[in-house]
Amino acid sequence: MSMMILIFTLISFLAVGSHAADHSLSLEFYSSSCPTAQQIVRKEMECAIASEPRLAASILRLHFHDCFVQGCDGSVLLDDTFTLQGEKKASTNVNSIRGFSLVDRIKNKLESECPGVVSCADLLAIAARDAVVLVGGPYWHVPVGRKDSSTASYELATTNLPTSSQGLPALITKFLYQGLSVTDMVALLGAHTIGLARCESFRDRIYGDFKATTVMNPLSETYLNKLKSVCPATEGNGEENTTAMDYLTPNLFDNSFYQILLRGEGLLNSDQEMYSSLFGIQTKKLVQKYAEDSIAFFQQFSDSMVKMGNITNQDSFETGEVRKNCRFINT
């Protein structure tokens, strides 16, 4: 127990004050400048998810990957140029994030209605909320008023974003660095109740300790064999093959993700660690709580999404802009 306290004491120092919420964000920021902004985003999200449900997870992930690098400033949306290295090709992003064409469509609609008013960072925050609602998840009010950055950070994208292979202490460290608590982390990773993972993200898990965490349950053995048919053991084979992170209800935002962790069947090592790690005294209790109580999960997820969305880039408020095209800074 003393070792656990020491680990959490050390990594708590990484939660830095620069990630505190900026008070310029408000629910009424566009009430007069673009009163239809949220309706425009919602309509485009409805159309997109109706035709491709996977986009719900894609947009939610984009918002997450944006906020963990320089704060929620739209930096993840920037394309590489001769003068700017974006974040899209960082190892943590290159095969993980998608949905940029949908962001482009929403931005075009917003620019037609309210030119130069709604930032790409705000667009992403609103769209992420709508994505969750449209696949059965909770609603929350999104504070807005973010500016878009004129910079991106390939380096921070590589170091700040959690990876699927990480152990629990490292995972917690990355969330604490953003000013997010252990409770926030367990709730936010519940986003994996929707979306797909690529073979390279779960190969080590299914050919590693999967049998140990499931305690050789016969049903889990059948599931494991299915996963192995999707993802061969040899690197370089089947890298692009995907499977749902929540095989019970892959297109529904619910609490079954946590129920899967209770059975030791988490697809990603980083997810299963929350329940199975020796360091997971607090996280195990939270997984159990959310597996049993979907209302508690929905409430905490909503609160944690607002908290994550309030991670701001102070430089952007001083030097940022409202991009006309989310892929490029204004010229």
Side-chain angles (χ1 to χ4, degrees), residues 1-12 57 64 92 96 161-177 180-228 230-231 233 242-250 254-294 296-297 300-301 304:
M1 187 66 176
S2 59
M3 180 181 178
M4 189 67 183
I5 293 172
L6 177 61
I7 289 174
F8 281 99
T9 301
L10 288 172
I11 59 182
S12 291
F64 177 91
T92 47
S96 177
L161 289 165
T163 65
S164 60
S165 61
Q166 284 185 316
L168 188 62
L171 193 64
I172 292 173
T173 299
K174 291 192 173 183
F175 277 81
L176 288 178
Y177 179 76
L180 298 169
S181 69
V182 173
T183 300
D184 292 321
M185 181 194 78
V186 178
L188 289 171
L189 288 178
H192 289 170
T193 188
I194 55 175
L196 306 176
R198 297 174 74 252
C199 169
E200 66 174 356
S201 298
F202 60 87
R203 175 183 283 119
D204 288 346
R205 165 85 172 122
I206 64 175
Y207 292 99
D209 67 348
F210 191 95
K211 287 187 177 182
T213 59
T214 58
V215 200
M216 299 297 287
N217 181 315
L219 293 177
S220 298
E221 186 79 16
T222 300
Y223 176 47
L224 176 58
N225 289 336
K226 182 179 178 181
L227 292 174
K228 288 182 176 179
V230 172
C231 185
T242 60
T243 193
M245 289 182 281
D246 173 358
Y247 69 87
L248 294 176
T249 53
D254 59 13
N255 66 333
S256 61
F257 165 77
Y258 298 103
Q259 295 164 7
I260 289 171
L261 297 186
L262 294 187
R263 292 198 288 272
E265 296 176 347
L267 183 66
L268 305 182
N269 180 74
S270 53
D271 289 341
Q272 190 60 49
E273 279 275 295
M274 293 192 294
Y275 185 73
S276 301
S277 172
L278 294 175
F279 301 114
I281 297 171
Q282 182 181 358
T283 58
K284 184 172 185 176
K285 291 179 180 178
L286 289 167
V287 169
Q288 291 171 326
K289 177 181 179 180
Y290 299 148
E292 296 168 0
D293 189 345
S294 61
F297 165 49
Q300 186 58 57
F301 184 83
S304 297

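Along the sequence shown, residues are numbered consecutively beginning with 1. All heavy atoms count here, side chains included; hydrogens, waters and symmetry mates do not.
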_Using 30° and 60° as the class boundaries, would you call the ring planes of F64 and F175 parallel, tilted or perpendicular?_
tilted
### Task
Report the C-alpha distance between L180 and L188 in whole Å, list the side-chain angles of each, state the deciding distance to 0.1 Å, and finish with yes or no for side chain to side chain contact (heavy atoms under 4.5 Å, CB included).
CA-CA 10 Å; L180 298 169; L188 289 171; 4.0 Å; yes
What one should report as the nearest heavy-atom pair of V287 and L261 is CG1-CB, 4.0 Å
Here the gap from S294 atom OG to D254 atom CG, rounded to the nearest 0.5 Å, amounts to 8.0 Å
Note: P250 and A244 closest approach over all heavy atoms is CB-CB, 3.6 Å
When rounded to the nearest 0.5 Å, the distance separating OG1 of T193 from CE of M245 is 9.0 Å
Task: Atom NZ of K228 with >12 non-hydrogen neighbours under 6.0 angstrom - done: yes
CD1 (I206) and CD (E265) are apart, to the nearest 0.5 Å, by 13.0 Å
Here the gap from E200 atom CD to S96 atom OG, rounded to the nearest 0.5 Å, amounts to 9.5 Å
Next on the checklist: Strictly distance-based, threshold 3.5 Å: is any side-chain N or O of N269 a donor or acceptor partner for the main-chain N or O of Q166?
Outcome noted: yes
Tell me if a side-chain donor or acceptor on D209 pairs with a main-chain N or O of A212 at a distance below 3.5 Å.
no
Sidechain-backbone polar pair: S276 side chain, E273 backbone, donor-acceptor under 3.5 Å | no
Note to self: Please check this pair: side chain of N255 against backbone of A291, looking for a donor-acceptor N/O pair closer than 3.5 Å.
What the structure shows: yes
Between S181 and L176, the two heavy atoms sitting closest are CA-CD2, 4.3 Å
In this structure, OH of Y258 is separated from CG of D271 (nearest 0.5 Å) by 9.0 Å
**Prompt:** Checking S164 side chain against S201 main chain: does a donor-acceptor pair fall under 3.5 Å?
**Reply:** yes
Within the distance-only criterion (no hydrogens, no angle test), does the side chain of Q272 pair as donor or acceptor with the backbone N or O of L267 below 3.5 angstrom?
no
The reported gap from CZ in R205 to CG in L268 (rounded to nearest 0.5 angstrom) is 9.0 Å
**Asked** Short question: side chain of Y207, backbone of A233 - any donor-acceptor pair under 3.5 Å?
**Response** yes
Quiz item: Short question: side chain of T213, backbone of F210 - any donor-acceptor pair under 3.5 Å?
Solution: yes
